[in-house]
Student: 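The structure that follows is given in the form of structure tokens.
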Amino acid sequence: MSNSPLSQPMFALVDVNNFYVSCERAFNPNLINRSVVVLSNNDSCTVARSHEVQALGVKMGTPWFKLKDLAKQHHIIALSSNYTLYGDMSDRVMTILRDFSPHVEVYSIDERFLDLQGLNKFWSTPMDMGQSIRQRIRQWTSLPVCVGFGITKTLAKLANHIAKKPPEFNGVCDLASMPSAQLEALLSVLEVDEVWSVGRQLSQHLNAAGISTVKALRDTPSSCLRTKFGVVVERLGYELRGVSCLALEEVSAPRKQIISSRSFGQLVNSLPELSEAVASYMSSAAEKLRHQHSVCNAIQVFIQTNPFRQHDKQYSNSMTVPLPNASGDIRLLIRAALFGLKCIYRQGYAYKKTGVILSCIDSAAKQQESLFELYGAGDRSARLMCVLDQINQRYGRDTLSVFSTGKRKSWAMHRGKVSPCYTTNWNDVPIAYAH
DNA sequence: TCTGGGGTCCTAGGACCC
DNA sequence: TCTGGGGTCCTAGGACCC
């Protein structure tokens, strides 16, 4: 029996420091040790800052025009973003991490969770492993990373956050094997909003209830967290106490919605211009839709004026266009989106932004949906069995095993997979089967 | 003058049905 | 005809994340 901490449940979070800036530096060493920011679409906002820029107090998302003076003064270099490059670098990091664990979750473009349980044979301590990860990624991609270890994902994320604070941690922090005196001291000074999923609002509420440190949050009884703050915070408490509630998600589920939207560089007034933009956003959204083998059953299209121009007349609206027959047909999707746009468009406003949001369902689920629609479904238990009978007679025994029905939306277990189906007309079911 | 884009989950409240 | 409770479904909006 090994006593190595890695024989316990153990997660790691590996996160690339200042990811976009680090990617740019990997290809242009002149940027190293310089003040660098990467800007969003239209070069409007800062989406990444080098350490040097962070030290100047520049916050994430600061508009570039507000930085121009500071930039001149401190010779800040601003770069337009290059997402193709960042995606490629992200894949390279992924490849390297697979050598350290077969179980890796892509949490975001610059963060990976690793499940390390049972890997104790290879490493004497997590710290060794963490340093090894840092060195190899640095060597093979030039990217700097920090590594956090914990027995839940929330703790690993917190550890990663702590590891970034130089210099004593040297980029790696293991909360699981930290001496308890040190751990308690650390958690009692960490503010509660440093915890993953505690944002501005929630930290205010927690503070108002006297919970201002991570330690206080961890030590508040579950029942209290549940009543005062709901299920999410209750789960958070468990995670901080080392009870894992969040599993590693290695296979990324298909997106439930696909958004494609953009701010205009210049304000736009006319419907034809907006239509052109919407059609183009829809094309790229539909491409993603096909890529994940989904179809779309509703499209939301929205437009808005520029809320920062407070003297301008403001207008924002959206419309959801349902597609009774879910589809991935690009021409149909564009038609539906343009129809929605036409409904919400009003003349006389200067528009800043528009976009589409596609609700996605799995192609296979769509086939099942049509199967159920063929027979109808509903909330009349007297007819439930006959529907099951019909479907199983026609498609073979046990095609349909569980069938829970709601008024409009129902749920069916089909070959081990639960899928939604939509009620059309229950009365289509022949009355003869009701007996 | 110039203020990002893409996601998930939860909740409240209205509509509707029995 | 009037009234009420209980349930489901849908949507919008808020909060959070990177």
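Below, chains carry the letters A, B, ... as their sequence lines are ordered, and counting in each starts from 1.
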Student: Looking for any heavy atom pair under 4.0 Å, which part of the strands does A/Asn42 touch: base, sugar-phosphate only, or nothing?
Tutor: nothing
Student: Expressed in angstrom and rounded to an integer, what is the separation of A/Leu39 atom CG from B/dG4 atom C1'?
Tutor: 10 Å
Student: Base, backbone or nothing for each nucleotide of nucleotides 12-18 of chain C, written B, S, -, heavy atoms under 4.0 angstrom, 5' to 3'?
Tutor: ---SSSS
Student: Could you tell me which non-hydrogen atom of A/Ala216 sits nearest to which non-hydrogen atom of A/Ile211, and how far apart they are?
Tutor: C-CG2, 3.8 Å
Student: Starting at atom CD1 of A/Ile259, determine the distance to atom P of B/dT8, rounded to an integer number of angstrom.
Tutor: 8 Å
Student: Write down the atom of A/Ser327, the atom of A/Leu333, and the distance for their closest heavy-atom approach.
Tutor: O-CD2, 3.9 Å
Student: Under 3.5 Å, is there a donor-acceptor pair between the A/Arg112 and A/Ser90 side chains?
Tutor: yes
Student: Starting from C1' on B/dC2, measure out to NZ on A/Lys66 and report it in whole angstrom.
Tutor: 11 Å
Student: Kindly assign one of parallel, tilted or perpendicular to the pair A/Tyr20 and A/Tyr86, based on the angle between their ring planes and the thresholds 30° and 60°.
Tutor: parallel
Student: Verify the contact: side-chain N or O of A/Ser263 to OP1 or OP2 of B/dG5, cut-off strictly under 4.0 Å; return yes or no.
Tutor: yes
Student: Which heavy atom in A/Val36 sits nearest to a heavy atom in A/Val21, and how many Å separate them?
Tutor: O-CG2, 3.8 Å
Student: Which nucleotide sits closest to the side chain of A/Arg309: B/dG7, B/dT1, B/dG4?
Tutor: B/dT1
Student: How far does CZ of A/Phe264 sit from CG of A/Leu274, to the nearest 0.5 angstrom?
Tutor: 5.0 Å
Student: Please name the pair of heavy atoms, one in A/Met282 and one in A/Ile334, separated by the smallest distance, quoted to 0.1 Å.
Tutor: CG-CG1, 3.7 Å
Student: Does either side chain, that of A/Arg241 or that of A/Ser222, offer a donor lying less than 3.5 Å from an acceptor on the other one?
Tutor: yes
Student: Can you measure A/Met319 atom CE to C/dT11 atom C1' for me and round it to whole angstrom units?
Tutor: 14 Å
Student: Just by distance, no angles: are the side chains of A/Gln304 and A/Tyr349 close enough, under 3.5 Å, to form a donor-acceptor pair?
Tutor: no
Student: How would you list all residue pairs meeting salt bridge (Lys or Arg N to Asp or Glu O under 4.0 Å) that involve residues 312-336 of chain A, not counting sequence neighbours?
Tutor: A/Arg309-A/Asp312
Student: Take the C1' atoms of the five end pairs on each side of the helix from B/dG5-C/dC18 to B/dC18-C/dG5, derive the two axes, and give their angle rounded to 10 degrees.
Tutor: 10°
Student: Under 4.0 Å, heavy atom to any atom of DNA chain B: which of residues 244-258 of chain A qualify?
Tutor: A/Arg255, A/Lys256, A/Gln257, A/Ile258
Student: Take the protein atom CG of A/Leu267 and the nucleotide atom P of B/dT1, then report the distance between them rounded to whole Å.
Tutor: 12 Å
Student: By the 4.0 Å heavy-atom rule, please label A/Lys68 as base, sugar-phosphate, or nothing.
Tutor: nothing
Student: Can you see whether A/Asp43 engages A/Ser80 through a side-chain donor-acceptor pair at a distance of less than 3.5 angstrom?
Tutor: yes
Student: Contact list please: residues 331-340 of chain A against DNA chain C, heavy atoms, distance less than 4.0 Å, in numerical order.
Tutor: none
Student: Could you tell me how far apart A/Leu289 (CG) and B/dG6 (P) are, to the nearest whole angstrom?
Tutor: 15 Å
Student: Could you tell me if the side chain of A/Gln292 sits less than 4.5 Å from the side chain of A/Ile258, heavy atoms only?
Tutor: yes
Student: Under 6.0 Å between ring centres, would you say that holds for A/Phe11 and A/Phe113?
Tutor: no
Student: Assign A/Ser260 to base, sugar-phosphate, or nothing according to its heavy-atom contacts below 4.0 angstrom with the strands shown.
Tutor: sugar-phosphate
Student: Expressed as a whole number of angstroms, how long is the span from A/Arg226:CZ to B/dC10:C1'?
Tutor: 12 Å
Student: How do A/Lys288 and A/Pro63 order along DNA chain B: which one's closest nucleotide is nearer the 5' end?
Tutor: A/Pro63
Student: Please give, in whole Å, the distance from B/dT1 P to A/Asn306 CG?
Tutor: 12 Å
Student: Verify the distance criterion only: is there a donor paired with an acceptor across the side chains of A/Asn18 and A/Gln54 at less than 3.5 Å?
Tutor: yes
Student: For A/Gly265 and A/Asn42, work out which heavy atoms get closest and say how close.
Tutor: N-ND2, 3.5 Å
Student: Say you pick atom P in C/dC18 and the same atom in B/dC2; how far apart are they, in whole Å?
Tutor: 30 Å
Student: How about A/Lys164 and A/Asp15: do any of their side-chain heavy atoms sit closer than 4.5 Å?
Tutor: yes
Student: Check A/Phe149 against A/Val172 and note the closest heavy-atom contact, atom names and distance.
Tutor: CE1-CG1, 3.7 Å
Student: Kindly state which residues belonging to residues 227-242 of chain A come within less than 4.0 angstrom of DNA chain B, counting heavy atoms of the residue only, listed by number.
Tutor: A/Val232
